[in-house]
Amino acid sequence: MNNGAVVKLVDVHKTYRTGEMEVRAVRGVSLEIVRGEFVALMGASGSGKSTLMNILGCLDRPTAGQYFLDAADVSKLDRDQLADIRNSKIGFVFQNFNLLPRTSARENVELPLLYGPQRLTNPELRAKADAVLASVGLSGREEHYPSQLSGGQQQRVAIARALINGPEVILADEPTGNLDSHTSIEIMGTFQQLNERGITVVMVTHEPEIAAYAKRNVVMRDGQVLSDSVVAGRRNAADEVKTDGAGSNGVVK
Amino acid sequence: MRVGSTINVAFRALRRNKLRSVLTALGIIIGVAAVIAMVGIGNGAKAQVEAQIASLGQNVILVFSGSTTSSGIRTGWGSAGTLKVEDAEAIRREVSGVVAVSEEVRSPTQVAAGNQNWLTQVLGESADYLDIRQWQLADGASFTPQDVRSANKVCVIGRTTATQVFGNDDPVGQVLRVKNVPFVVTGVLTPKGLSALGSDQDDVVIMPYTSAMKRIIGGTTLRNINVQVGDARQLPAAQQQIISLLRQRHNIRAGRDDDFTVRGQQEIADMATAQSKTMTVLLGAIAGVSLIVGGIGIMNIMLVSVTERTREIGVRLAVGAHGRDILTQFLIEAVALSSVGGIIGIAFGVGASRVLSVYENWPTLISLSSIVVSFLFSAAVGIFFGFYPARKAAALDPIEALRYE
Ligand SMILES: Nc1ncnc2c1ncn2[C@@H]1O[C@H](COP(=O)(O)OP(=O)(O)OP(=O)(O)O)[C@@H](O)[C@H]1O
Ligand SMILES: [Mg+2]
């Protein structure tokens with residue numbers, strides 16, 4: 001296995017043009033993230049975190065600079081090629097979960113499989129989805145609609161969807177932004193255990209307490225990296241949940 | 001590439017919005033049902049007219065009293081009494097290829113037998129009339145040329161008249177009082193059904209035209225003359241000869257209009273079928289408009305649905321859907337709605353036509369081609385009206401779609 005950089009940004013710029021206005025959202029970011037890292041991306045509102053995440057997630061292309069994902073240059077790929085990269089190498093987790101309404105947890109998790117290179121039968125889809133749902137502690141909830149699940153459970157369905165194709169990187173833009181502090185810790189527990197399994201996690205957060213669950217903190221200001229540091233005194237969600245006495249819902253098997 | 005999953009995706013999406021799916025399909029259901037029923041009615045009417053024209057008899061030329069205006073509008077054929085009995089005899093004598101001629105008068109008349117009264121149509125004809133119309137007797141015999149010469153008080157009656165006046169009794173040999181003149185019924189005709197104009201052809205009393213003119217209707221002119229020639233190839237020549245013969249007999253100078261109207265059977269058939277064809281086209285057009293309205297309904301709902309499902313589309317794009325997957329999904333949704341709607345609509349349309357023909361006695365004719373055409377058309381409506389919304393959905397930018405509120 002290649003233990004080099006999973007993500008490598010070289011002097012990446014992103015400039016939005018709306019009529020006469022020019023917004024330089026990202027101004028020369030160079031960043032390397034190796035396999036197995038857990039990075040928290042911080043910074044003030046408008047500092048370019050989401051813009052950078054969209055580029056990392058191949059939802060958007062940089063206006064300048066280069067982006068190597070898994071050693072392959074993806075900054076010049078076209079729309080469909082980027083879609084295939086998103087499908088196979090990247091798992092997204094959003095602040096507002098972005099689950100399909102009136103669709104069962106299972107069908108939500110199956111979604112990326114439907115756009116994958118493999119043609120699976122309905123029973124195969126179902127078996128895969130149920131296994132991933134179980135791994136995020138949601139067995140027995142396969143038939144539930146998002147409206148029948150708590151915020152934390154919805155976010156774990158979203159995490160299961162992100163995991164289903166075995167991605168290189170999980171990208172989460174403010175994954176705990178809509179959750180209370182206890183549920184946030186559970187979700188962090190889930191991320192930490194995924195990370196222990198070797199999955200690279202990059203997450204945006206405003207809260208230093210949440211960033212403390214990561215191994216590395218990158219702070220942005222005005223579209224540039226302000227600081228990049230290893231987390232000292234890292235928090236462990238599993239211990240906190242245990243001492244909290246709350247159920248071990250977020251356990252990854 | 002992955003049409004199979006996309007079909008899966010599309011049907012999942014349709015199931016998720018059952019009510020909306022049903023309402024969308026409803027427009028197509030109504031449209032297709034209307035097309036099937038309307039065209040069925042139109043075709044049924046056309047087929048009936050054609051059958052009736054054929055029942056007029058073969059190789060028949062009809063000569064009516066009175067003329068048509070130059071624009072072709074009828075001024076009441078047979079109303080202006082210009083045809084004389086002698087004209088008919090002249091045709092019989094002088095026009096080549098003629099095998100049978102029947103002088104015709106007609107009038108609605110009160111008839112009675114026992115204590116039963118009935119208003120029916122009295123036809124005065126020659127003894128050849130039933131042969132010309134290929135009209136068989138169910139019972140008894142026709143009147144003879146001798147009866148015609150002597151203006152005997154004999155008649156044959158149609159099925160409806162027989163039932164109305166004589167009930168279950170056998171009418172043959174009985175006395176029928178026509179305008180209080182006693183006639184002997186010599187025969188009962190086989191049923192012929194409705195005419196092209198919807199009147200009951202079996203509600204009739206047919207007697208020698210001499211008897212009718214002398215004893216019942218009065219007058220000295222004929223309503224029309226039925227002429228039969230032996231061979232279809234002789235029809236045009238015979239028609240010309242009749243025209244010049246009658247113009248000469250009526251002293252019509254060159255350049256003046258005829259005071260009679262000659263119609264070949266083919267012309268009558270053409271006119272009648274043209275009318276029913278117009279009706280079919282008209283009905284079909286009305287129904288087609290409703291199908292297009294149904295299609296616009298689909299487009300409308302699909303457009304709303306694309307806006308409403310922007311976030312869904314964003315999620316799909318984010319997890320790896322290509323623009324083409326989204327396009328196919330929305331197209332399949334539209335086509336599924338419209339073609340399922342089409343199938344249900346066909347069922348309803350066929351059902352409606354059945355109901356009309358069973359309970360209202362309307363002749364309807366559902367052709368396989370109209371079923372196939374309306375199914376294909378409804379599927380095409382789905383593609384046509386689904387394409388624009390589908391393309392709109394496929395062109396969405398994933399980031400903007402995800403951010404859509
Ligand atoms: N599509 C766009 N068009 C124009 N400008 C944009 C667009 N997206 C973002 N921007 C601008 O780019 C800058 C960075 O935005 P971005 O969303 O990356 O900030 P952020 O760090 O994620 O902020 P927050 O913490 O509030 O989410 C902002 O000034 C924003 O207005
Ligand atoms: Mg942001």
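Source: prediction; values computed, not measured.
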Chemist: Please output the residues of residues 11-19 of chain B in contact with chain A, using a heavy-atom cutoff of under 4.5 Å, in numerical order.
Modeler: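 Under the 4.5 Å heavy-atom cut-off, B:R12, B:R15, B:R16, B:N17 qualify.
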
Chemist: Tell me whether the count of non-hydrogen atoms from other residues, nucleotides or ligands lying under 6.0 Å of CZ in A:R102 goes above 12.
Modeler: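 For A:R102, atom CZ is crowded (more than 12 foreign heavy atoms under 6.0 Å).
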
Chemist: Which of residues 294-315 of chain B get closer than 4.5 angstrom to chain A, counting heavy atoms alone?
Modeler: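 Residues B:R311, B:E312, B:V315 are the ones that qualify, each having a heavy atom under 4.5 Å from chain A.
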
Chemist: Between B:D397, B:V9, B:L402, which has the largest tally of heavy atom pairs under 4.5 Å with chain A?
Modeler: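 Result: the option with the highest number of such pairs is B:L402.
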
Chemist: Contact part of A:L100 toward chain B, heavy-atom cut-off under 4.5 Å: side chain, backbone, both or neither?
Modeler: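 Contact with chain B: side chain only.
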
Chemist: So for A:E110, is it side chain, backbone, both, or neither that comes closer than 4.5 Å to the heavy atoms of chain B?
Modeler: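 It is the side chain, since no backbone atom gets that close.
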
Chemist: Among A:N96, A:I85, A:L82, A:I90, who wins on heavy-atom pairs under 4.5 Å with chain B?
Modeler: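 Heavy-atom pair counts peak at A:N96.
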
Chemist: Between OH of A:Y115 and CD1 of B:I326, what distance do you get to the nearest 0.5 Å?
Modeler: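 Output value for this atom pair is 4.5 Å.
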
Chemist: What part of B:E400 lies closer than 4.5 angstrom to a heavy atom of chain A: side chain, backbone, both or neither?
Modeler: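 Neither part; nothing is under 4.5 Å.
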
Chemist: Would you mind checking which part of A:R79 comes under 4.5 Å of any heavy atom in chain B, side chain (CB onward), backbone (N, CA, C, O), both or neither?
Modeler: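 Only the side chain of A:R79 comes within 4.5 Å of chain B.
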
Chemist: For A:N122, which atoms come within 4.5 Å of any heavy atom of chain B: side chain, backbone, both, or neither?
Modeler: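 Just the side chain, heavy atoms under 4.5 Å.
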
Chemist: Quick one: of A:L59, A:D80, A:L113, who has the most non-hydrogen atom pairs under 4.5 Å with chain B?
Modeler: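 The option with the most such pairs is A:D80.
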
